[in-house]
Amino acid sequence: MRAHHVVSPLSFSQNGLWRAYVDVDQRSPECLLKSSLWIARGSGPYELAYFMAPARDAGGNGMQILGWMPGASVVLVKTDRWQWGSDAGDIQQVLAIEASTGRVYEPRLDDILEAHSGKQCWFYVEDAGFADPANIEILVRVKLATPYDVDETLDDIPPEKRCGDLEETWNFDYSSAYEVKRVLNQQPLLLFQSLLDSAAPNPR
């Protein structure tokens with residue numbers, strides 16, 4: 001059967017020198033998804049910047065362009081992986097990709113859970129951005145909660161094991177050596193966003 005493509009709107013960097021879009025290719029009947037991030041400079045051709053293949057335990061995946069580092073050629077993307085028909089939570093990731101070099105920065109979001117070691121925690125990425133327009137410091141804002149099985153309630157989890165309903169912001173700093181630290185939720189997420197629906201390219 002012919003592949004079905006879903007194409008995102010075009011996203012432009014603040015200086016207008018770069019543009020990007022996401023193409024999701026779904027081949028029926030297996031429902032295996034392939035997600036691709038394409039980036040081009042000026043009026044030049046698009047090049048593949050990041051690709052997500054379907055995994056054995058996660059046939060579904062997708063990407064969302066969040067925006068660009070202000071004044072720079074670094075695009076910020078959120079990814080999701082999931083298994084069809086499974087109660088397991090999605091696997092989320094945030095990526096910063098340098099359009100000019102193709103270099104990918106992939107924060108270890110599991111570090112957030114390690115900071116809550118000893119508690120039963122789950123998190124969902126609410127938003128992301130940059131701390132500094134001159135350095136690769138990726139801010140990720142998450143919502144934390146206590147997961148439990150479908151045949152359980154929160155009362156079945158010992159109080160000392162509960163994560164609690166929390167919102168936290170974490171800084172993944174690549175400006176020198178890789179460093180991870182929690183910061184105030186009031187810290188602004190710097191991000192330039194520009195979308196143009198009508199300019200989305202034709203599916204490949």
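Here the structure is a predicted model, which is why all the values come from computation and not from measurement. Positions are given from 1, in the same order as the sequence printed here.
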Measuring from [X]:[atom1] to [Y]:[atom2], what's the distance to the nearest 0.5 Å?
X	Y	atom1	atom2	result
Lys34	Leu32	NZ	CG	8.0 Å
Ile112	Phe123	CD1	CZ	5.0 Å
Leu109	Trp170	CG	CH2	11.0 Å
Ile65	Leu37	CD1	CG	5.5 Å
Trp122	Lys143	CH2	NZ	10.0 Å
Ser8	Trp38	OG	CH2	13.0 Å

Dump the intermediate steps for side-chain contact (heavy atoms from CB on, under 4.5 Å) on Gln93 and Lys78, then the final yes or no.
CA-CA 6 Å; Gln93 182 57 281; Lys78 183 173 76 169; over 6 Å; no
Looking at every heavy atom in both [X] and [Y], which two are closest together, and how far apart are they?
X	Y	answer
Asn171	Ala131	ND2-CB, 3.8 Å
Glu160	Lys119	O-NZ, 3.1 Å
Met52	Gly62	SD-O, 3.8 Å
Leu139	Pro188	CD1-O, 3.4 Å
Pro147	Cys121	CD-C, 3.8 Å
Ser13	Ala72	CB-O, 3.9 Å

Kindly give the cluster partners of Leu184, where membership spreads through any ILVMFWY side chain lying under 4.5 Å from a current member.
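Under the 4.5 Å side-chain rule, Leu184 groups with nothing.
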For Asp127 and Val142, what are the C-alpha separation, side-chain angles and deciding distance, and is it a side-chain contact (heavy atoms from CB on, under 4.5 Å)?
CA-CA 7 Å; Asp127 207 351; Val142 298; over 6 Å; no
What I'd like to find out is whether the side chain of [X] reaches to under 4.5 Å of the side chain of [Y], using heavy atoms alone.
X	Y	answer
Ser100	Ser73	yes
Ile138	Val140	yes
Gln120	Cys163	no
Gln186	Thr169	no
Leu66	Leu191	yes
Trp68	Gln14	no
Met69	Leu190	no
Val22	Gln64	no

Worked verdict on Glu114 versus Ser117 for side-chain hydrogen bond (donor to acceptor under 3.5 Å, both in side chains)
CA-CA 5 Å; Glu114 290 179 7; Ser117 178; over 6 Å; no
Any side-chain to backbone donor/acceptor pair from [X] onto [Y]? Under 3.5 Å, distance only.
X	Y	result
Arg141	Glu167	no
Asn135	Asp132	no
Lys181	Phe172	no
Asn15	Leu17	yes
Glu106	Ala96	no
Asp173	Glu179	no

Please lay out, stage by stage, how Ser36 and Asp23 fare under the test side-chain hydrogen bond (donor to acceptor under 3.5 Å, both in side chains).
CA-CA 5 Å; Ser36 305; Asp23 176 355; 5.9 Å; no
Full working for side-chain contact (heavy atoms from CB on, under 4.5 Å) between Tyr50 and Ile39
CA-CA 9 Å; Tyr50 196 81; Ile39 297 179; over 6 Å; no
Hydrophobic clustering (ILVMFWY, side-chain heavy atoms < 4.5 Å, transitive) - are [Y] and [X] grouped together?
X	Y	result
Leu144	Val94	yes
Val125	Leu189	no
Leu76	Met63	no
Val104	Trp18	yes
Ile97	Tyr174	no

Atom NZ of Lys161 with >12 non-hydrogen neighbours under 6.0 angstrom:
no
Stepwise salt bridge (charged side-chain N to carboxylate O under 4.0 Å, His left out) check, Glu168 with Arg182:
CA-CA 7 Å; Glu168 295 181 351; Arg182 185 181 170 189; 3.5 Å; yes
Walk me through it: do Arg162 and Leu154 pass the test side-chain contact (heavy atoms from CB on, under 4.5 Å)?
CA-CA 8 Å; Arg162 298 175 193 171; Leu154 185 60; 4.1 Å; yes
